[in-house]
J.: 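One structure, pasted below without further comment.
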Amino acid sequence: MARMDIYEDARTVSRADLAGWLRQLANQLESDGRVYYGAAGTVAVADEVRCELEIERESETELSVEIEFSWTVPAPVKAAEQETEPAKDDEAVEEPTAEKKAEPTAEETPQA
């Protein structure tokens with residue numbers, strides 16, 4: 001499957017606003033394990049994630065800090081894998097109920 005960007009937001013903020021955004025993100029992860037983005041988007045974060053912190057000098061006057069975390073989403077279970085094998089009792093032939101019993105044949109009818 002090809003890489004697909006889901007959401008991206010780039011802006012200039014104060015250091016205090018950045019700290020507040022990081023706190024908000026941490027609170028979301030801690031409370032319900034979801035990251036909220038955009039107007040109404042969310043993504044569930046796995047219980048275990050791979051984390052990377054990268055600090056780079058882009059040029060003489062520019063530094064960057066990149067925080068990345070990633071995880072593998074479990075593959076969906078196919079319908080055939082969800083079905084269970086029938087129990088041995090299910091294979092037994094059902095006795096007809098009173099409503100389903102056929103009329104006795106000539107051999108089964110008592111002779112007078």
Side-chain angles (χ1 to χ4, degrees):
M1 181 177 187
R3 179 183 164 149
M4 178 178 61
D5 288 343
I6 295 174
Y7 179 79
E8 185 174 318
D9 183 15
R11 64 179 87 180
T12 302
V13 297
S14 68
R15 187 174 58 234
D17 287 344
L18 174 60
W21 177 73
L22 291 171
R23 272 190 219 90
Q24 181 182 25
L25 183 61
N27 289 338
Q28 292 170 359
L29 288 169
E30 193 172 51
S31 67
D32 68 355
R34 301 185 77 76
V35 171
Y36 295 80
Y37 61 88
T42 65
V43 63
V45 179
D47 290 337
E48 291 188 13
V49 298
R50 175 174 163 66
C51 301
E52 293 182 40
L53 175 65
E54 187 175 311
I55 302 172
E56 294 179 328
R57 180 174 293 280
E58 303 287 337
S59 67
E60 285 290 319
T61 59
E62 186 177 359
L63 291 167
S64 71
V65 175
E66 296 177 17
I67 301 170
E68 180 179 321
F69 46 95
S70 58
W71 60 96
T72 303
V73 177
V77 177
K78 294 180 183 174
E81 294 173 1
Q82 291 178 347
E83 293 179 11
T84 59
E85 290 188 27
K88 296 292 182 191
D89 294 337
D90 292 343
E91 295 175 8
V93 176
E94 276 187 38
E95 286 292 318
T97 60
E99 297 84 23
K100 292 183 182 177
K101 284 189 179 177
E103 293 295 321
T105 61
E107 292 113 23
E108 296 173 335
T109 306
Q111 298 293 324

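Since the model is a prediction, treat every value here as computed from it, not as a measurement. Excluded from the calculations below are hydrogen atoms, water molecules and symmetry mates; all remaining heavy atoms, backbone and side chain alike, are included.
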J.: Can you give the donor-acceptor pairs under 3.5 Å from side chains of residues 58-68 to other protein atoms, not counting sequence neighbours?
T.:
{"from": "Glu58", "atom 1": "OE2", "to": "Ser64", "atom 2": "OG", "distance (Å)": "2.7"}
{"from": "Ser59", "atom 1": "OG", "to": "Thr61", "atom 2": "N", "distance (Å)": "3.4"}
{"from": "Ser59", "atom 1": "OG", "to": "Glu62", "atom 2": "N", "distance (Å)": "3.3"}

J.: State whether the number of non-hydrogen atoms from other residues, nucleotides or ligands found under 6.0 Å of Glu48 atom CD is greater than 12.
T.: no

J.: Leu53, Val49: one ILVMFWY side-chain cluster at the under-4.5 Å cut-off?
T.: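 The answer is no; the residues belong to distinct hydrophobic clusters.
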
J.: Which distance, rounded to the nearest 0.5 Å, do you find between the CZ of Arg23 and the CG of Leu18?
T.: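 One gets 9.5 Å once the value is rounded to the nearest 0.5 Å.
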
J.: Look up atom CG in Leu29 and atom CZ in Phe69, then write down how far apart they are to the nearest 0.5 Å.
T.: 5.0 Å

J.: Closest heavy-atom contact between Trp71 and Ala44?
T.: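 It is CZ2-O, 3.3 Å.
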
J.: Check the surroundings of atom CD in Glu56: do more than 12 heavy atoms from other residues, nucleotides or ligands lie under 6.0 Å from it?
T.: yes

J.: Is it true that, when you exclude Asp47 itself, more than 12 heavy atoms of the residues, nucleotides or ligands shown sit nearer than 6.0 Å to its CG?
T.: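 Atom CG in Asp47 is not crowded, with 12 or fewer foreign heavy atoms closer than 6.0 Å.
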
J.: To the nearest 0.5 Å, what is the distance between CG (Leu22) and CG (Asp17)?
T.: 11.0 Å

J.: Taking only residues at least two apart or on different chains, which pairs with a member in residues 23-66 satisfy ring pair (Phe, Tyr, Trp, His ring centres under 6.0 Å)?
T.: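 Every pair satisfying ring pair (Phe, Tyr, Trp, His ring centres under 6.0 Å) with a residue in residues 23-66: Tyr7-Tyr37.
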
